[in-house]
Novice: 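I am attaching a structure below and will ask some questions about it afterwards.
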Amino acid sequence: QLVESGGGLVHPGGSLNLSCTASGFLLEGYAIGWFRQAPGKDREGVSCISSTSSTIKYVNSVKGRFTISRDNAKSIVILEMNNLKPEDTGVYYCARNYFACSVVPGPYELWGQGTQVTVSS
């Protein structure tokens, strides 16, 4: 399974670090993606990282503010989020993809339960 943690309430301009912890399988065999879903909106991709960290992608709205990294030995993927904006608010999910790093949800077949991020003054 995948378990997200680290969400919370933060002011605009603030930072949060989200964690995605894997158990029951070897994380090193999978690309991991981060997605988010705001109320009333579709789930959207945020970032992804390939199994060896050789490929990393970000959607334009988070480039320069978010950083994704992974530690396969610790079975964890981190999403560092800086300079947060109200439009970053939503439930953040991590998911695994056997094939390749992708910021579209289709290829992902195992999802975590999500962690809430709220950016508000």
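Both backbone and side-chain heavy atoms feed into the values below; hydrogens, waters and symmetry mates do not.
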Novice: Does one side chain, of Ser19 or Thr21, offer a donor that lies under 3.5 Å from an acceptor on the other?
Specialist: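 There is no such pair between these side chains.
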Novice: Do Asn72 side-chain atoms and Ser75 backbone N/O form a donor-acceptor pair below 3.5 Å?
Specialist: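 No, Asn72 side chain to Ser75 backbone: no donor-acceptor pair under 3.5 Å.
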Novice: Is there side-chain contact between Glu28 and Ser51, with heavy atoms separated by less than 4.5 Å?
Specialist: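 No, side chains not in contact.
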Novice: For a quick test of reading the model, state the closest non-hydrogen atom pair linking Ser50 to Cys101 and the distance between them.
Specialist: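 Shortest heavy-atom separation between Ser50 and Cys101 comes out as N-CB, 3.9 Å.
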Novice: Taking the six-membered ring for Trp and the single ring otherwise, decide whether the centroids of Tyr98 and Tyr30 are under 6.0 Å apart.
Specialist: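 Between Tyr98 and Tyr30, the centre distance is under 6.0 Å.
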Novice: Between atom CG of Asp88 and atom CZ of Arg36, what is the distance when rounded to the nearest 0.5 Å?
Specialist: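 Taking CG in Asp88 and CZ in Arg36, the distance rounds to 4.5 Å.
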Novice: Is there a side-chain contact between Ile32 and Asn97 in this structure, where contact means two heavy atoms from C-beta onward sitting under 4.5 Å apart?
Specialist: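 SC-SC contact between Ile32 and Asn97 ruled out.
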Novice: Taking all non-hydrogen atoms of both residues, which atom of Cys20 and which atom of Trp34 are closest, and how far apart?
Specialist: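 So the two residues come closest at CB-CZ2, 3.5 Å.
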Novice: Please round to the nearest 0.5 Å and tell me the distance separating atom NZ of Lys74 and atom CD1 of Ile78.
Specialist: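 Atom-to-atom, Lys74:NZ and Ile78:CD1 are 9.0 Å apart.
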Novice: Check the pair Gln37 / Tyr93 against side-chain contact (heavy atoms from CB on, under 4.5 Å), numbers first and verdict last.
Specialist: CA-CA 8 Å; Gln37 188 165 20; Tyr93 301 88; 4.2 Å; yes
Novice: Is there a donor-acceptor contact under 3.5 Å linking the side chains of Thr89 and Glu87?
Specialist: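 There is no such pair (donor and acceptor under 3.5 Å, judged by atom type) between the side chains of Thr89 and Glu87.
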Novice: Restricting to non-hydrogen atoms, name the atom on Cys48 and the atom on Ser102 that form the minimum distance, rounded to 0.1 Å.
Specialist: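 Minimum heavy-atom contact is SG-N, 3.2 Å.
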Novice: Using atom types as modelled and distance alone, determine if a side-chain donor or acceptor of Ser15 lies under 3.5 Å from a backbone N or O of Asn82.
Specialist: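 No, because the side chain of Ser15 does not come within donor-acceptor range (under 3.5 Å) of the backbone of Asn82.
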Novice: Does the cation-pi check pass for Arg96 over Tyr108, that is, NZ or CZ under 6.0 Å from the six-membered ring centre and within 45° of its axis?
Specialist: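 The answer is no, since Arg96 fails at least one limit relative to Tyr108.
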Novice: Using every non-hydrogen atom in the two residues, find where Gly90 and Tyr92 come nearest and quote the distance to one decimal.
Specialist: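 Closest heavy-atom pair between Gly90 and Tyr92: O-CD1, 3.4 Å.
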Novice: What's the shortest heavy-atom distance between Ser47 and Ile68, and which atoms?
Specialist: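 Looking at all heavy atoms of both residues, the shortest contact is OG-CG2, 3.3 Å.
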Novice: Give the minimum heavy-atom separation between Ile49 and Ser53, together with the two atoms involved.
Specialist: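 Here Ile49 and Ser53 meet closest at CD1-OG, 3.6 Å.
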Novice: Less than 4.5 Å apart, any side-chain heavy atom of Lys85 and any of Arg65?
Specialist: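 Heavy-atom side-chain distance check passes, below 4.5 Å.
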Novice: Establish whether Val62 and Val103 are linked, either directly or via other cluster members, by ILVMFWY side-chain heavy-atom contacts under 4.5 Å.
Specialist: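 Looking at the clustering, Val103 is in the same group as Val62.
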Novice: Check this for me: Phe99, atom CZ, are more than 12 non-hydrogen atoms of other residues, nucleotides or ligands nearer than 6.0 Å?
Specialist: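 Count not over threshold, so no.
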Novice: Under a single-linkage definition using a 4.5 Å side-chain heavy-atom cutoff for Ile, Leu, Val, Met, Phe, Trp and Tyr, are Leu79 and Leu110 assigned to the same hydrophobic cluster?
Specialist: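 In one cluster: yes.
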Novice: Look only at the side chain of Arg70 and the backbone of Leu27, and say whether a donor-acceptor pair between them is shorter than 3.5 Å.
Specialist: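 Judged by distance alone, yes, a pair lies under 3.5 Å.
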Novice: Please confirm whether the backbone N or O of Ser5 pairs with a side-chain atom of Thr115, one donor and one acceptor, at under 3.5 Å?
Specialist: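 No, because the side chain of Thr115 does not come within donor-acceptor range (under 3.5 Å) of the backbone of Ser5.
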Novice: Carefully, step by step, assess Leu16 and Leu84 under the rule side-chain contact (heavy atoms from CB on, under 4.5 Å).
Specialist: CA-CA 8 Å; Leu16 284 173; Leu84 283 161; 4.1 Å; yes
Novice: Using side-chain heavy atoms (C-beta onward) and a distance below 4.5 Å, is Val117 in contact with Met81?
Specialist: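 Answer yes - side chains close enough.
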Novice: Tell me whether the rings of Trp111 and Phe35 are parallel (<30°), tilted (30 to 60°) or perpendicular (>60°).
Specialist: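 It falls in the tilted class, 30° to 60°.
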Novice: Please determine whether residues Val59 and Val104 belong to a single hydrophobic cluster, defined as Ile, Leu, Val, Met, Phe, Trp and Tyr linked transitively by side-chain heavy-atom distances below 4.5 Å.
Specialist: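 Per the 4.5 Å side-chain linkage, Val59 and Val104 are not co-clustered.
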Novice: Does Glu4 reach the main-chain N or O of Cys94 with its side chain, forming a donor-acceptor pair under 3.5 Å?
Specialist: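 Side chain of Glu4 to backbone of Cys94, a donor-acceptor pair under 3.5 Å: yes, one is there.
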Novice: List the steps, then state whether side-chain contact (heavy atoms from CB on, under 4.5 Å) holds for Phe66 with Val46.
Specialist: CA-CA 9 Å; Phe66 290 11; Val46 174; 3.6 Å; yes
Novice: When you measure from the side chain of His11 to the backbone of Ser120, do you find a donor-acceptor pair of N or O atoms at a distance under 3.5 Å?
Specialist: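 Yes, the answer is positive, given that a donor and an acceptor are paired below the 3.5 Å cut-off.
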